[in-house]
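Side-chain atoms are counted along with the backbone in the values below, which use heavy atoms only and exclude waters and symmetry mates.
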Number of protein chains: 2
Amino acid sequence: MAETARHHEPRYGNRPTMKDVAARAGVGLKTVSRVVNSEPGVTPDTERRVQEAIDALGFRRNDSARVLRKGRTASIGLVLEDLADPFYGPLSRAVEEVARAHGALLINGSSAEDPEREQELVLALCARRVDGLIVIPAGDDHRYLEPEIKAGIATVFVDRPAGQIDADIVLSDSFGGAREGVAHLIAHGHRRIGFIGDQPRIHTATERLRGYHAAMVDAGINVQDSWVSLGSTDPSRVRAAAEAMLSGPEPVTALFAGNNRVTVTAVRVLADRERPVALVGFDDIELADLLGITVISQDAAAVGRTAAEHLFRRLDGADDAPARVELPTSLIARGSGELPPA
Amino acid sequence: MAETARHHEPRYGNRPTMKDVAARAGVGLKTVSRVVNSEPGVTPDTERRVQEAIDALGFRRNDSARVLRKGRTASIGLVLEDLADPFYGPLSRAVEEVARAHGALLINGSSAEDPEREQELVLALCARRVDGLIVIPAGDDHRYLEPEIKAGIATVFVDRPAGQIDADIVLSDSFGGAREGVAHLIAHGHRRIGFIGDQPRIHTATERLRGYHAAMVDAGINVQDSWVSLGSTDPSRVRAAAEAMLSGPEPVTALFAGNNRVTVTAVRVLADRERPVALVGFDDIELADLLGITVISQDAAAVGRTAAEHLFRRLDGADDAPARVELPTSLIARGSGELPPA
DNA sequence: ATGAAAGCGCTAACAA
DNA sequence: TTGTTAGCGCTTTCAT
């Protein structure tokens, strides 16, 4: 152990490099590079010798070095709210599939709906020089991304428009979906309809509320303040909001739930009551068919796929004006939305 | 446009480098590096000038170059089966949180249960020199990882033991959980109990089947071949298997579902029948409480967290013998598992 | 067909 | 406190 580490030596726990492979195979460095990258101009015999050295040493190309030279990382970043949310799993998976088809890896991070954390994540991804970025915005000001986009990081926003910045955007028709859902309840005889949604700083929450109002106005119904509640999707908050709307002298006879988490809690609240209350939820949920829950369904995978396809179009050089794609939602009637007023 | 690109110039769409910042601020390169990395030894005044240049140019450190020098990427890889599966979302999120606490990014990929794709993904992550790797094995031979592990990439396997390789492993007690679930059915009077599980090459599937057999043997019940079906979790396959077991002269009176996807389909099949059939499923499912489904619950987030913590212990230098951690499962009785035989 | 040399943007070591 | 130099492992260019 008389070895003296004279100079710095990161070497990743002592991995062989192309130089090592070259030495062992008795060829030049560039020849190894050619073999590793399947470039032409190597005789079968040389190639075999190089390959043997690669296998013997357990060589694996260091992509960090490669990236440094080539300028492209063959990776894209996805910043979403929470991977544990059943809406984002399929979305992320769809993005991954498209990335894979383009030979790229996906790095994703959860912002936990915190604008600061979103920025932190996005900048970390930029520092790693991802080729492109798909962002489900938590914050409402994305000017911090300007230098990045100018520097060539293609960016697509999803689910909510970006603040203060011009870029491609893919979203579901929150307004139209909510409007349709609420109109559905009205068509089944309801007039006093409650709306429970996510925090007002979240774009989809206000869009869906706008859809609710539009449907009510269309029907000539005067919305009472007490019928609307925006806030955290924490079960206790949602439960309290629902119970408030369902009690008192003039309780609502139907509820519109602004997203999947609200729906889940609403279903639980309604399960505890004897008087039937109609319910339509935004977002489909697993097993909702068995529980007979009527929902406005949005296709998370389609959203992810569309966003990723737009991103790679940009990466392939498309430079037309930023597009805004709005994907339709669909109402799935399963019973809870068709209950008449009690 | 008389500009001639004489030499190669990747430069990431023309991003400023530390050199550019240094020139603009009128300082040396290393001083910029110090400011960017918050190293000591810079006067407040110099720091301010450098920071101004950074902001003006929109400089962002290139982590590829940094990694190349430092040897650590501050990122870990997670290879799982399918991010769209509700079991893996929370698991991944838990890993991400631990990584974040250690200042690392998470790169994850879905193997789609394909051993080749798993290897492809893992090697891509290794080429990017992730510091560590958490793998939910799809294949049963991981010798291809030997050079990587030897080279210092810490690795933790999750959910299923790795094939042919010695490494940390974190899993749920599939055997014990299934045994408990089946014993629960037996305790409620069942003797003819069906088991529908995932493909036999998946370790958890055979472990759970082993648990089933153990419980049956404990009760002195002779298991009939027709009561057991392993295979794809595709709804049509599961439906066919369930219907076969539920028909004929001596149908099963209870079903044990080997994982969340099987449970979902089983619930749908049973919903179509009038004769009540008891059901216990492995893995909890959202809304299972409302449907009264009895399950063996495993804590996906705890599995992810534990695995990540082990990984970072290794990255922090721990070199004790590979550990095998088995997390307990818990039976949640909600009604379907307590139905008596018809 | 093959290789030598330069350099991607950064950090470690060493001077000044 | 600040700057200079070398070099991480690879690809690019250009020569042989």
Any carboxylate oxygen within less than 4.0 angstrom of a Lys/Arg side-chain nitrogen, looking at [X] and [Y]?
X: E97(B); Y: R93(B); answer: yes
X: D320(A); Y: R314(A); answer: yes
X: R60(B); Y: E148(A); answer: yes
X: R201(A); Y: D140(A); answer: no

Side chain of [X]: nearest nucleotide among [options]?
X: N62(A); options: dC10(C), dA12(C), dG9(D); value: dG9(D)
X: V27(B); options: dG9(D), dG3(D), dC10(C); value: dG3(D)
X: F59(B); options: dG3(D), dC10(C), dT11(C); value: dC10(C)
X: R66(A); options: dT11(C), dC10(D), dG9(C); value: dC10(D)
X: R69(B); options: dC10(C), dT12(D), dC10(D); value: dC10(C)

Degree of bending, the helix from dA1(C)-dT16(D) to dA16(C)-dT1(D) (end axes from five pairs; round to 10°):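 Helix axis angle between the two ends: 30°.
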
Calculate the interatomic distance between [X] atom [atom1] and [N] atom [atom2]; express it in whole Å.
X: K19(B); N: dA6(D); atom1: NZ; atom2: P; result: 15 Å
X: K30(A); N: dT16(D); atom1: NZ; atom2: P; result: 18 Å
X: R128(B); N: dC10(D); atom1: CZ; atom2: P; result: 14 Å
X: D20(B); N: dC10(C); atom1: CG; atom2: C1'; result: 13 Å
X: L29(A); N: dC8(D); atom1: CG; atom2: C1'; result: 13 Å
X: M18(B); N: dT4(D); atom1: CE; atom2: P; result: 16 Å
X: L68(A); N: dT11(C); atom1: CG; atom2: P; result: 12 Å

Pairwise ring-ring contact (aromatic ring centres under 6.0 Å, His included) hits with a residue in residues 98-141 of chain B, at least two apart: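 Qualifying pairs, neighbours excluded: H102(B)-F312(B).
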
State whether [X] places a side-chain N or O below 4.0 Å from either non-bridging phosphate oxygen (OP1 or OP2) of [N].
X: T31(A); N: dG3(C); value: yes
X: S33(B); N: dT11(C); value: yes
X: K70(B); N: dA12(C); value: yes

Identify whether any heavy atom of R61(A) sits under 4.0 Å from a base atom; if not, whether one sits that close to sugar-phosphate; answer base, sugar-phosphate or nothing.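 If one applies the 4.0 Å heavy-atom cut-off, R61(A) turns out to touch the sugar-phosphate alone, with no base involved.
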
Would you kindly say whether D131(B) and T73(B) are connected by a side-chain donor-acceptor distance under 3.5 Å?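 Checked: D131(B)/T73(B) side chains pair up, N/O donor to acceptor below 3.5 Å.
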
With no angle test and no hydrogens, is the base of dG3(C) tied to the side chain of R34(A) by a donor-acceptor pair under 3.5 Å?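 Yes, the side chain and the base share a sub-3.5 Å donor-acceptor pair.
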
Quick check on DNA chain D: between D63(A) and G28(B), whose nearest nucleotide comes earlier from the 5' end?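 By nearest-heavy-atom nucleotide position, the 5'-most residue is G28(B).
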
Please identify each residue that fulfils ring pair (Phe, Tyr, Trp, His ring centres under 6.0 Å) with Y88(A), with sequence neighbours left out.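 By the ring pair (Phe, Tyr, Trp, His ring centres under 6.0 Å) rule, Y88(A) matches no residue at all.
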
Is the side chain of R160(B) donor-acceptor paired with the backbone N or O of P137(B) at a distance under 3.5 Å, no angle test?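 Flag set: sc R160(B) to bb P137(B) pair under 3.5 Å.
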
Short of 4.0 Å, heavy atom to strand atom, which residues of residues 36-53 of chain B count as contacting DNA chain D?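 Going residue by residue through residues 36-53 of chain B, the ones with a heavy atom under 4.0 Å of DNA chain D turn out to be G41(B), V42(B), T43(B), T46(B).
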
Atom pairs and distances, donor-acceptor, side-chain atoms in residues 51-58 of chain A, under 3.5 Å, two or more places apart:
from	atom 1	to	atom 2	distance (Å)
Q51(A)	NE2	D55(A)	OD1	3.3
E52(A)	OE2	R48(A)	NH1	3.0

Could you list the residues that satisfy salt bridge (charged side-chain N to carboxylate O under 4.0 Å, His left out) with R24(A), not counting sequence neighbours?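 Partners of R24(A) by the salt bridge (charged side-chain N to carboxylate O under 4.0 Å, His left out) criterion come out as none, since no residue qualifies.
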
